[in-house]
K.L.:
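Encoded as structure tokens, here's the structure I'll be asking about.
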Amino acid sequence: MKRRDVVILDLDGTLVDERGAVDEAFLAAARVVQDQAGVEANRFARTARVAAQRLWWKATWIDPLSDAFGISAWDGLSEDFTNAVPALDRLRAWLPSYRQAAWRLALGTVGVADTALAEAASSAYRQCRHQDVRLLPGATNLVGTLVHDRRLVLLTNGPGDGQRRKVESSGLLGLVPDVVISTEVGFAKPDRRAVSLAIERVGGQPDTAIMIGDTYDRDVLGALNCDVPAIWITGPVRPEHPAHPLVSPVMSTAEVLPVLHALENGGA
Ligand SMILES: [Mg+2]
């Protein structure tokens, strides 16, 4: 494979520990509930997840939006979707009542009716989501190495405010100032326009670009839709997908760099 001049980086699960951050946010809210209402924190955290998901999917008009923009109930609990395209106006207007209802439902499920506590839990979740940004092992080395002689661009599905906050507070913004976010541009991975736009943003060409991401259906398919190769971070248990000549699976972010170098030096 010839040298990849443009590297398109996914954010959540590739550079940033999104799953861990969401777990922490639910626990932060649950600790408030434990302190004030005596409900065991882990139990309430689980209950709150279910409640948030239930109300998110109950609004049937959310389904196509979630799919089109790659957004989740976890985002809805904390973000305001600032600078989103007009297609998300209805969602933005709905979010305050969604958050209120979700935390009230969670409390109600454990037998607590307390509006002020629902508000406190919501605040704790939001505060934690806005502060707790952790890079995954190997992410700093990956970006810090590639930035010296490649054009890097972040391509992420999600709310503009939330994703930008992660990029800023993780320190990535100084290294990767070019960020393309689905809710701001109007389309999401795996839409080929998302990958094309990311490449254009840094003045590159598809035939010398590569995608690095952890979600097959978003990152890998997005890349393949543009005939761009992908390094797919699968985690320890690789989901079933047929082998593809343009797809190189690795277990973790820390393995990406040696695999990229091996691909380029292999001359394939
Ligand atoms: Mg990801």
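Read the numbers this way: they start at 1 and go in the same order the structure lists the ligands and their atoms. Note that these values count all heavy atoms, side chains included, but never hydrogens, waters or copies made by symmetry. Owing to the predicted nature of the structure, the values given are computational and were not obtained by experimental measurement.
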K.L.:
Do N157 and Q163 have side-chain atoms, one donor and one acceptor, less than 3.5 Å apart?
P.N.:
no

K.L.:
Test of understanding: with ring pair (Phe, Tyr, Trp, His ring centres under 6.0 Å), list the residues that count as partners of Y216, not counting sequence neighbours.
P.N.:
W232, H241

K.L.:
I need the full list of ring pair (Phe, Tyr, Trp, His ring centres under 6.0 Å) pairs touching residues 106-129, with sequence neighbours left out, sorted by first then second residue.
P.N.:
F26-Y125, W103-Y125

K.L.:
Strictly under 2.8 Å, how many protein N, O or S atoms lie near the Mg ion (ligand 1)? Waters don't count.
P.N.:
3

K.L.:
With distance as the sole test, does R4 use its side chain to make a donor-acceptor pair with the main-chain N or O of A209 at under 3.5 Å?
P.N.:
yes

K.L.:
Evaluate the ring-ring contact (aromatic ring centres under 6.0 Å, His included) criterion for residues W74 and W56: first the C-alpha distance (whole Å), next the side-chain angles of each, then the deciding distance (0.1 Å), finally the verdict.
P.N.:
CA-CA 9 Å; W74 315 152; W56 184 264; 9.1 Å; no

K.L.:
Only pairs at least two apart or in different chains count here, so list each side-chain hydrogen bond (donor to acceptor under 3.5 Å, both in side chains) that has a residue in residues 179-200.
P.N.:
D10-K189, R164-E184, K189-D219, D191-R193

